[in-house]
Amino acid sequence: MNKRVFLKQNNEIPFIDLYLHDRVVRDTLVLIIPGGGYFFCNPREGEDIAYAFLSKGFDAAVLQYSTKKGDFYPRQLSEAAMAMDYIKKNYDYKRIVLCGFSAGGHLAASLATLYDKEDAIKGYECRPDGCILSYPVLISGEFENKITLDNLCGSDAALREWVSLDKRVDVNTPPFFIWHTWEDEKVPVENSLFFASSLRKNNVPFELHIYEKGLHALSLGTEITAGREEEINIHASTWFEYACDWVNNCL
């Protein structure tokens with residue numbers, strides 16, 4: 001880590017940890033948003049991911065956002081918008097890409113679809129140039145991840161509908177790279193399938209990879225991020241190389 005930036009200047013959450021190459025010209029930064037069901041930020045989806053992107057020549061940052069009980073929408077969206085705004089105003093990057101995992105995927109996709117719709121983030125420069133989503137929470141209803149949306153929305157049914165992001169896509173939504181596993185036991189693969197269908201209907205470019213095998217929250221899928229043997233999945237771990245190629249060749 002090169003630098004920790006507190007976004008509200010109070011030495012508390014939200015903050016971003018920056019991982020930067022020592023260079024004058026800055027091409028790409030990946031802003032990583034860990035998952036955790038909106039009740040914690042999963043450490044397996046933070047710093048190790050940043051170092052992985054560094055190894056590919058990208059700069060990286062990791063967002064730590066609010067996850068206390070009662071920290072409902074749009075608090076986390078505002079914090080992600082603040083992070084994007086800070087990076088855009090303090091660094092001259094050709095492109096800034098979001099990389100969100102699970103609930104962090106929901107937060108990344110929220111920023112990408114709601115940057116021009118949500119009053120709470122008006123005034124921030126926060127549109128990403130692209131989004132990488134790993135086993136993301138994206139929809140409400142039959143195939144929702146209930147605990148994530150409970151933590152984000154409480155009992156507000158109208159809000160739950162608003163943050164079903166397949167319904168927020170439009171022609172101005174940036175491109176997406178999405179991967180999921182068919183076996184995902186916590187976030188049904190329909191989250192990615194329905195969202196990708198909405199991207200297609202709105203003519204938004206995307207790349208979608210569905211792996212058959214793999215538990216939820218694989219992170220990189222390698223020994224680097226695995227907390228237990230089941231979190232090593234060499235086949236699914238190919239997502240990272242594909243995502244880096246997508247950034248370099250499609251954005």
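Remember, predicted model here, so these are calculated numbers, not experimental data.
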Does [X] reach the side chain of [Y], with side-chain heavy atoms less than 4.5 Å apart?
X: Leu107; Y: Tyr38; result: yes
X: His235; Y: Glu212; result: no
X: Lys8; Y: Phe6; result: no
X: Gln64; Y: Glu79; result: no
X: Val137; Y: Ser102; result: yes
X: Glu47; Y: Val62; result: no
X: Leu220; Y: Ser237; result: no
X: Asp184; Y: Val189; result: no

Distance-only, no hydrogens or angles: does the Glu118 side chain make a donor-acceptor pair with backbone N or O of Leu114 under 3.5 Å?
no
Test item: Trp239 side-chain N/O and Ser219 main-chain N/O as donor-acceptor pair under 3.5 Å:
yes
What do you reckon, is [atom1] of [X] surrounded by more than 12 foreign heavy atoms closer than 6.0 Å?
X: Ile210; atom1: CD1; result: yes
X: Glu183; atom1: CD; result: yes
X: Glu185; atom1: CD; result: yes

Whether Phe53 and Phe58 hold their rings parallel, tilted or perpendicular, with breakpoints at 30° and 60°
tilted
Parallel under 30°, tilted from 30 to 60°, perpendicular over 60°: which one fits the rings of His209 and Tyr211?
parallel
For the pair Cys153 and Val163, evaluate side-chain contact (heavy atoms from CB on, under 4.5 Å) and give the outcome as yes or no after the intermediate values.
CA-CA 9 Å; Cys153 304; Val163 300; 3.6 Å; yes
Under the criterion side-chain contact (heavy atoms from CB on, under 4.5 Å), I'd like the reasoning laid out for Tyr93 against Asp59: C-alpha separation, chi angles, the key distance, then a yes or no.
CA-CA 10 Å; Tyr93 283 101; Asp59 285 352; 2.6 Å; yes
Please name the pair of heavy atoms, one in [X] and one in [Y], separated by the smallest distance, quoted to 0.1 Å.
X: Lys88; Y: Glu125; result: CD-O, 3.0 Å
X: Ala120; Y: Pro74; result: CB-CG, 3.6 Å
X: Thr148; Y: Asn145; result: OG1-OD1, 2.5 Å
X: Trp246; Y: Gly130; result: CH2-CA, 4.2 Å
X: Arg95; Y: Thr28; result: NE-OG1, 2.6 Å
X: Arg160; Y: Ser140; result: O-OG, 3.3 Å

Inter-residue atom distance [X].[atom1] - [Y].[atom2], 0.5 Å rounding:
X: Ser66; Y: Ile13; atom1: OG; atom2: CD1; value: 6.0 Å
X: Phe240; Y: Cys99; atom1: CZ; atom2: SG; value: 8.0 Å
X: Leu152; Y: Arg75; atom1: CG; atom2: CZ; value: 12.0 Å
X: Ser197; Y: Glu190; atom1: OG; atom2: CD; value: 12.5 Å
X: Leu111; Y: Ile121; atom1: CG; atom2: CD1; value: 5.5 Å
X: Ile87; Y: Asp92; atom1: CD1; atom2: CG; value: 13.0 Å

May I ask you to check whether Tyr135 and Trp179 place their ring centers less than 6.0 Å from one another?
yes
Quick one: are the ring centres of Phe176 and Phe195 less than 6.0 Å apart?
yes
Run the side-chain contact (heavy atoms from CB on, under 4.5 Å) test on Ser192 and Leu133 for me, step by step, so that the C-alpha distance in whole Å, both residues' side-chain angles and the decisive distance to 0.1 Å come before the verdict.
CA-CA 9 Å; Ser192 290; Leu133 303 183; over 6 Å; no
Are side-chain N/O atoms of Trp162 and Tyr73 paired as donor and acceptor at under 3.5 Å?
yes
For residues [X] and [Y]: do they belong to one hydrophobic cluster (side chain heavy atoms under 4.5 Å, members Ile, Leu, Val, Met, Phe, Trp, Tyr)?
X: Tyr19; Y: Tyr91; result: no
X: Phe143; Y: Leu149; result: yes
X: Phe40; Y: Ile147; result: yes
X: Leu20; Y: Tyr86; result: yes
X: Leu7; Y: Phe15; result: no

Is a salt bridge present between Asp85 and Lys89, judged by a nitrogen-to-oxygen distance below 4.0 Å?
yes
Would you sort out whether Arg228 and Leu215 count as a side-chain contact (heavy atoms from CB on, under 4.5 Å), showing the intermediate values?
CA-CA 11 Å; Arg228 52 198 175 107; Leu215 301 176; 4.0 Å; yes
